[in-house]
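All values below come from the heavy atoms of this structure, side chains included, with hydrogens, waters and symmetry mates left out. Along the sequence shown, residues carry numbers from 1.
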Amino acid sequence: KRIKSIAAGIMSTAVVTVNDEIYAWGLNDKSELTIHPKNEPDVGDEDDDLPPHEAYNRLFQHYLQRITAVYQQKNPERLNKPQFVENLLLKYQKIKITMKYGKKQDIKQGFFKQDTIITMKRHFEEINQVTKKGKVEYTEEIIIADTADQWQQLYIRVCDKDNIDQDEREELYIPKATEEEMKERKDRKLNPYKYLKLETGSSSSDDTDNDEDDDMVKSTSSKPTLSKTDALVDNKYALTKQESENVEMKDMTTANDGAESEYEYEPQQDKYAEDDFQSTVACSYWTPAHIRLPYRMKVKQVTLGGTHMVVLDDLGQVWSAGTFSNDGPVGHHFDPIENRIVRYQRTLKKIKYIQSADDGRQGSKIGKNQLLPAIESIASGANHFLMLDNKQFVWTMGITKLGERWCSRNSKNYLSPKMVFSKTKGNKKRAYFTKIACGNHHNLAIDSNGHLYSWGQNIWMQTGHKKEKSSYGNTITSPRYVEFYEPKQDLQSLQEKDVQVKDYKLVDVVAGEHMTVALDINGNVWTCGRNACLALGRKTRDPGTKDHGGKAVRCEVDPDVMRMVTDLKNTKIDWIGCGSVVWFAHNQISGAVYSFGDASSGRAGIGKWKYARGRPVFDEYNLDMSKYHVTG
């Protein structure tokens with residue numbers, strides 16, 4: 001495959017081929033890389049543990065048959081007593097009992113008879129003064145491994161008593177999933193909808209979702225593809241299931257046309273049930289997985305976040321999958337037609353409707369359920385993404401303001417595209433933007449004058465604004481012009497005043513987890529934010545040590561506002577790139593790529609150094625520069 005573009009998220013990577021196919025690998029925990037029956041997940045398939053109730057049933061039946069066989073052979077009269085072996089096993093099963101009343105909890109483990117369990121429950125209620133209307137939660141769980149060990153010892157004692165030869169004795173048995181069950185688990189991860197359909201009572205023969213058929217256009221008698229508004233050209237990679245939030249299926253068989261039975265997905269009433277279902281299809285891809293596209297599109301751009309993927313086609317349409325999180329899943333998008341939040345999106349979904357927007361004109365408001373305009377570029381943060389439309393306006397979707405008040409009542413406002421309004425420096429007129437970028441939780445945009453605007457989390461001054469200018473929760477709530485400053489003469493001085501740069505013009509900006517890197521028209525690089533591991537590519541004030549429990553503990557160096565990386569001042573840089581804690585700059589003259597920031601785990605590509613410190617990634621020592629040229 002020949003690659004035309006690449007994208008990296010927090011836990012995943014994607015590439016776009018020259019023939020507009022997308023391949024991705026990494027974590028697919030929230031189906032952000034979509035579900036495709038052709039792809040084989042590499043993580044979780046070897047997990048052969050059984051559900052507790054199934055493991056206990058198999059363990060009980062196995063030792064019941066094993067010990068009964070010994071008695072039948074050597075001492076059959078003992079079996080005349082009703083349920084003799086069953087009661088023997090129950091005597092040696094290890095139980096974990098959890099008793100909870102409000103904030104009070106007690107856990108007991110041991111070999112308990114039923115009378116003993118009842119006594120323990122009564123004692124718990126007495127000491128905690130449980131009222132008549134009070135509700136105590138009791139949970140009983142069989143500890144499989146300990147119970148299996150006890151039953152094996154019981155089996156050995158029976159064998160010793162009846163003189164069973166060592167060669168005839170069986171080994172310890174721990175119930176595990178069979179080979180057929182493991183195969184089914186893997187198939188369930190690859191195509192969970194087929195199993196959902198089976199669980200609702202439909203015939204498995206109705207499901208003909210074979211990926212080999214995806215290379216051919218579906219006939220009119222097969223399952224319906226996307227609507228005309230979504231499928232704008234021939235549907236080579238058409239989805240064989242209707243787009244929707246997908247946790248439950250129902251039969252859609254029509255009596256007249258004889259078409260195959262189809263199914264649609266409905267949300268569970270309980271959001272926790274949706275989370276439980278998602279856990280059954282979560283997986284990872286450690287080899288490139290083919291991403292199923294909704295139609296034969298020309299892929300313009302792909303971005304990845306923490307738990308979402310966004311695809312932009314050449315028609316200006318935006319497609320997304322996964323979910324957005326804020327201390328747990330919030331949802332992927334709000335559907336204004338069905339008036340509900342889609343919690344997980346497991347296929348690429350077209351982002352159509354906006355919640356509401358102000359176009360900047362007095363008294364003018366774009367109403368609800370309007371369509372998203374054509375988009376020129378996209379950028380993803382950890383739990384949100386930005387879109388730049390063809391009129392140079394910025395749109396945002398997802399959880400963008402970490403630290404500000406959030407609740408489920410206003411979640412639909414985050415899960416619909418919203419226009420971001422900003423005025424130019426001096427509040428004279430509306431700002432028009434030409435480039436956008438995202439850090440994990442902060443946003444950046446370059447306007448038509450080459451000026452930088454930023455908003456979002458500002459705990460480490462990653463937006464370029466001083467902390468005292470932040471709002472509640474150390475955030476910048478709306479796009480604000482970023483001041484650039486001259487390098488400090490004395491890094492340790494708290495009295496030296498900052499000197500602003502009179503004017504600047506940027507051509508590019510990128511961001512990491514807690515830092516921002518900008519490139520100006522003269523090839524100079526500027527950075528701001530957190531400076532752990534010298535991530536800014538320059539030194540900042542060192543506060544020294546502080547007392548902690550009677551010990552002197554070294555403090556992290558201070559974060560800083562936007563200043564030039566002076567080590568690159570005389571180097572013509574023509575492009576920059578950024579990861580979470582490391583960034584790169586390309587020397588236009590020599591072709592060298594310099595790395596800055598945290599170099600641990602090999603992420604900077606310079607070997608075993610702890611800090612990158614501007615060391616070259618690709619040079620004559622590891623790449624033949626006469627044959628290769630690094631382009632991005």
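Annotation: side chain of His441 is not in contact with side chain of Thr475 (no heavy-atom distance under 4.5 Å). Here the side chains of Cys438 and Asn443 are in contact, with some heavy-atom distance below 4.5 Å. Between Leu348 and Leu293 the shortest side-chain heavy-atom distance falls below 4.5 Å. Looking at Val311 and Met297, their side chains come closer than 4.5 Å, going by heavy atoms from C-beta outward. Looking at heavy atoms from C-beta onward, Cys533 lies out of side-chain contact with Val581 at the 4.5 angstrom threshold. Side chains of Ser320 and Gln345 form no contact here, defined as non-hydrogen atoms less than 4.5 Å apart. Counting heavy atoms from C-beta outward, Ile606 and Val617 have side chains that approach closer than 4.5 Å. Residues Thr477 and Tyr472 have side chains not in contact (no heavy-atom distance under 4.5 Å, counting atoms from C-beta outward).
Here the closest non-hydrogen pair linking His465 and Met461 is O-CG, 3.4 Å. Across all their heavy atoms, Tyr594 and Asn587 have their closest contact at OH-ND2, 2.9 Å. Summarising the geometry of Pro479 relative to Val420, their closest heavy-atom pair is CG-CG1, 3.1 Å, with the distance given to 0.1 Å. Contact between Trp25 and Leu33 at its shortest, heavy atoms only, is C-CD1, 4.1 Å.
Sorted by first and then second residue, the salt bridge (charged side-chain N to carboxylate O under 4.0 Å, His left out) pairs with a member in residues 463-475 read Lys466-Asp498; sequence neighbours excluded. Residue pairs meeting the ring pair (Phe, Tyr, Trp, His ring centres under 6.0 Å) criterion with at least one partner in residues 553-573, sequence neighbours excluded, are absent. Residue pairs satisfying the salt bridge (charged side-chain N to carboxylate O under 4.0 Å, His left out) criterion with at least one member in residues 431-454, sequence neighbours excluded, are listed as follows: Lys435-Asp508.
Partners of Lys4 by side-chain contact (heavy atoms from CB on, under 4.5 Å), not counting sequence neighbours, listed by chain and number: Val16, Val18, Asp20. Lys300 is linked by a salt bridge (charged side-chain N to carboxylate O under 4.0 Å, His left out) to Glu376, counting only residues two or more places apart in sequence or in another chain. Listed by chain and residue number, Phe334, Gln355 satisfy the side-chain contact (heavy atoms from CB on, under 4.5 Å) test with Ser416 (two or more places apart in sequence, or in another chain). The side-chain contact (heavy atoms from CB on, under 4.5 Å) check on Asp29 picks up Leu27, Ala282, with sequence neighbours excluded. In this view, Gln301 and Thr303, Leu312, Ser377, Ile378 satisfy the side-chain contact (heavy atoms from CB on, under 4.5 Å) rule, not counting sequence neighbours. Judged as a salt bridge (charged side-chain N to carboxylate O under 4.0 Å, His left out), and not counting sequence neighbours, Arg603 has no contacts.
Side-chain contact check for Arg538 and Thr527: at least one donor-acceptor pair (N or O, by modelled atom type) lies under 3.5 Å. Side-chain contact check for Asp503 and His451: at least one donor-acceptor pair (N or O, by modelled atom type) lies under 3.5 Å.
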Side-chain donor/acceptor pairs under 3.5 Å, residues 510-523, sequence neighbours excluded:
from	atom 1	to	atom 2	distance (Å)
Thr516	OG1	His442	NE2	3.0
Thr516	OG1	Gln462	O	2.6
Asp520	OD1	Asn522	N	2.9
Asp520	OD1	Gly523	N	3.1
Asp520	OD1	Asn524	N	2.8
Asp520	OD2	Asn524	ND2	3.4
Asp520	OD2	Trp526	NE1	2.9

Residues 549-557, side-chain donor-acceptor partners within the protein, below 3.5 Å, at least two apart:
from	atom 1	to	atom 2	distance (Å)
Arg554	NH2	Asp542	OD2	2.6
Glu556	OE1	Arg530	NH2	2.9
Glu556	OE2	Arg530	NE	2.9

For residues 564-578, please give each side-chain donor-acceptor pair under 3.5 Å, one per line with the distance, not counting sequence neighbours.
from	atom 1	to	atom 2	distance (Å)
Asp574	OD1	His586	ND1	2.7
Trp575	NE1	His586	ND1	3.3

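Separation of atoms CD (Glu32) and CD1 (Ile291) is listed at 10.0 Å; rounding is to 0.5 Å.
Between Phe324 and His384, the ring center distance fails the sub-6.0 Å criterion.
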Steps toward side chain to side chain donor-acceptor pair (under 3.5 Å) verdict (Thr540, Asn531):
CA-CA 7 Å; Thr540 56; Asn531 201 25; 3.1 Å; yes
Could you please spell out the steps behind the ring pair (Phe, Tyr, Trp, His ring centres under 6.0 Å) verdict for Tyr432 and Phe393?
CA-CA 6 Å; Tyr432 293 88; Phe393 293 161; 5.5 Å; yes
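Of the possible polar contacts, none joining the Trp583 side chain to the Gly597 backbone as a donor-acceptor pair under 3.5 Å is found.
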